[in-house]
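Read through the structure below, which is laid out as structure tokens, and then see the notes.
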Amino acid sequence: MSAQPDIPRKQHYEAAKLAKRLRHQVGQAIADFNMIEDGDKVMVCLSGGKDSYTLLDILLSLQAKAPVRFELVAVNLDQKQPGFPEHVLPEYLTARGVPFHIIEQDTYSTVTRVIPEGKTMCSLCSRLRRGALYQWAATNGVTKIALGHHRDDILGTFFLNLFYQAQLKAMPPKLRSDDGRHVVIRPLAYCKESDIAEYAGQRQFPIIPCNLCGSQENLQRKAVRRMMEDWEKQYPGRSETIFRALGSVQPSQLTDRNLFDFAALGAREGVARADAHQWLAGNAGES
């Protein structure tokens with residue numbers, strides 16, 4: 001009679017391996033982009049979803065052994081959506097001993113008043129949420145604002161900009177806000193969404209679904225997500241390859257004249273240059 005495999009032991013091993021991988025990826029992203037410095041006060045934007053829970057959890061685990069001292073504060077925006085379970089996050093954060101603050105701002109009423117029924121509310125909701133979080137950060141000594149976007153969010157944004165905006169632009173792991181007052185970091189930039197989902201399930205985070213407002217997810221983003229999922233099934237590792245490409249840009253091999261001076265390439269000194277109008281008119285040689 002063959003021995004039965006020790007399932008709990010194997011599950012524990014796999015869970016530990018996943019946690020180690022995520023910590024390594026977050027630590028690598030922090031180091032590569034100098035996301036956190038000694039003395040930083042990092043505001044972790046906590047929505048109640050799997051991504052922000054994982055972000056906070058990994059940063060807490062890294063904080064104890066980090067080579068620099070930094071402070072963490074979890075901040076949630078209560079947008080007064082009907083049925084929002086207000087007790088979930090305070091209870092979780094109190095139990096974990098994490099400093100936190102709940103911003104109460106009724107952006108839900110604003111969004112539902114402005115956006116026609118049946119249209120997606122996510123864009124306006126996101127802008128209002130960002131403004132409230134930035135304002136709190138500015139008045140509370142926050143030096144870095146940490147968001148829970150992961151590798152697949154970055155890739156999805158890249159394809160959305162490519163297909164629908166004709167731009168080679170993604171979602172950077174670190175940026176300065178448009179008003180120049182805040183530095184935003186995305187420590188999960190190297191982490192796969194599937195790994196985060198698995199980790200969140202193992203850690204049994206009290207997930208709050210983002211469907212209380214009844215809005216529909218952006219159809220373009222859903223289409224891009226399906227495309228990426230199909231690619232990954234047919235060609236495992238393709239998403240990772242494309243993500244690495246975002247960090248290996250060769251301006252001279254593209255067509256952006258603001259990034260590379262193609263006009264000067266091979267140009268002879270002292271030779272007059274005809275402009276586009278002359279070329280299009282067919283009289284480039286005329287004086």
Side-chain angles (χ1 to χ4, degrees), residues 11 14-33 35 45 47-55 57-58 119-123 125-126 146-175 184-203 205 207 209-211 215-256 259-260:
Q11 290 175 342
E14 293 297 332
K17 188 167 70 171
L18 173 61
K20 182 178 180 180
R21 179 164 70 248
L22 288 173
R23 286 196 298 269
H24 174 80
Q25 290 170 339
V26 171
Q28 189 68 58
I30 291 173
D32 286 351
F33 296 94
M35 292 184 182
C45 299
S47 66
K50 68 182 190 316
D51 303 331
S52 60
Y53 272 124
T54 298
L55 172 62
D57 196 69
I58 297 295
K119 298 294 184 180
T120 180
M121 302 179 183
C122 297
S123 179
C125 182
S126 178
L147 303 180
H149 298 117
H150 45 69
R151 187 202 70 178
D152 298 283
D153 287 325
I154 294 173
L155 283 176
T157 301
F158 168 73
F159 285 118
L160 282 171
N161 285 319
L162 178 66
F163 295 152
Y164 301 107
Q165 302 296 328
Q167 294 179 326
L168 283 176
K169 184 173 71 171
M171 182 185 283
K174 181 181 181 183
L175 63 87
V184 177
I185 59 175
R186 296 183 170 101
L188 298 180
Y190 291 164
C191 303
K192 296 191 299 183
E193 183 175 19
S194 58
D195 281 350
I196 292 171
E198 184 178 352
Y199 184 79
Q202 292 172 354
R203 297 287 288 166
F205 297 135
I207 304 297
C210 185
N211 60 2
S215 63
Q216 299 296 313
E217 186 180 11
N218 183 287
L219 294 179
Q220 293 175 345
R221 187 170 290 276
K222 287 182 70 174
V224 165
R225 182 177 298 174
R226 284 196 302 271
M227 178 195 72
M228 291 170 56
E229 290 172 351
D230 290 343
W231 275 354
E232 199 61 29
K233 290 176 183 176
Q234 189 171 2
Y235 307 103
R238 171 170 285 190
S239 294
E240 180 62 30
T241 299
I242 298 172
F243 183 79
R244 289 203 307 270
L246 295 181
S248 182
V249 179
Q250 307 293 325
S252 66
Q253 306 302 303
L254 299 173
T255 61
D256 191 333
L259 290 180
F260 188 82

Exercise: identify the closest heavy-atom pair between [X] and [Y]:
X      : Y      : answer
Asp51  : Leu188 : O-CD1, 3.5 Å
Tyr199 : Leu18  : N-CD2, 3.6 Å
Ile207 : Tyr53  : CD1-CD1, 3.8 Å
Gly148 : Asp153 : O-OD2, 4.3 Å
Ser52  : Gly48  : OG-N, 3.5 Å
Pro187 : Leu147 : CD-O, 3.8 Å

Residues in ring pair (Phe, Tyr, Trp, His ring centres under 6.0 Å) with Tyr164, at least two apart?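 Not a single residue meets the ring pair (Phe, Tyr, Trp, His ring centres under 6.0 Å) criterion with Tyr164.
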
Sequence-distant partners of Phe159, ring pair (Phe, Tyr, Trp, His ring centres under 6.0 Å), two or more places apart: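 Phe159: ring pair (Phe, Tyr, Trp, His ring centres under 6.0 Å) contacts with Phe163, Trp231.
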
Are the charged groups of Lys17 and Glu14 less than 4.0 angstrom apart, N to O?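 Looking at Glu14 together with Lys17, the answer is yes, because their closest N to O distance falls below 4.0 Å.
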
Let's go through Arg186 and Leu175 carefully: what are the C-alpha distance in whole Å and the side-chain angles of both, what is the deciding distance for side-chain contact (heavy atoms from CB on, under 4.5 Å) to 0.1 Å, and is it a yes or a no? CA-CA 9 Å; Arg186 296 183 170 101; Leu175 63 87; 3.4 Å; yes

Quick check: does any side chain N or O of Ser248 sit under 3.5 Å from a backbone N or O of Arg244, one acting as donor and the other as acceptor?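 Absent.
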
Return yes if some donor-acceptor pair links the side-chain N/O of Lys50 with the main-chain N/O of Ala200 below 3.5 Å, else return no.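 Flag not set: sc Lys50 to bb Ala200 has no pair under 3.5 Å.
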
Do [X] and [Y] make a side-chain contact, defined as non-hydrogen atoms from C-beta onward lying under 4.5 Å apart?
X      : Y      : value
Lys192 : Asp152 : yes
Asp256 : Pro251 : no
Met228 : Glu232 : no
Phe243 : Phe158 : no
Val249 : Leu254 : yes
Thr157 : Arg221 : yes

Inter-residue atom distance [X].[atom1] - [Y].[atom2], 0.5 Å rounding:
X      : Y      : atom1 : atom2 : value
Ile154 : Ser239 : CD1   : OG    : 12.5 Å
Met171 : His150 : CE    : NE2   : 9.0 Å
Leu162 : Leu168 : CG    : CG    : 6.0 Å
Ile58  : Arg203 : CD1   : CZ    : 8.0 Å
Glu198 : Thr54  : CD    : OG1   : 11.0 Å
Leu160 : Arg225 : CG    : CZ    : 10.0 Å

Using distance only, find each side-chain donor-acceptor pair of residues 23-31 under 3.5 Å and give its atom names and separation, not counting sequence neighbours.
from: Gln28; atom 1: NE2; to: Asp32; atom 2: OD1; distance (Å): 2.9

Hey, mind stepping through Tyr235 and Thr241 against side-chain contact (heavy atoms from CB on, under 4.5 Å) and telling me if it holds? CA-CA 11 Å; Tyr235 307 103; Thr241 299; over 6 Å; no

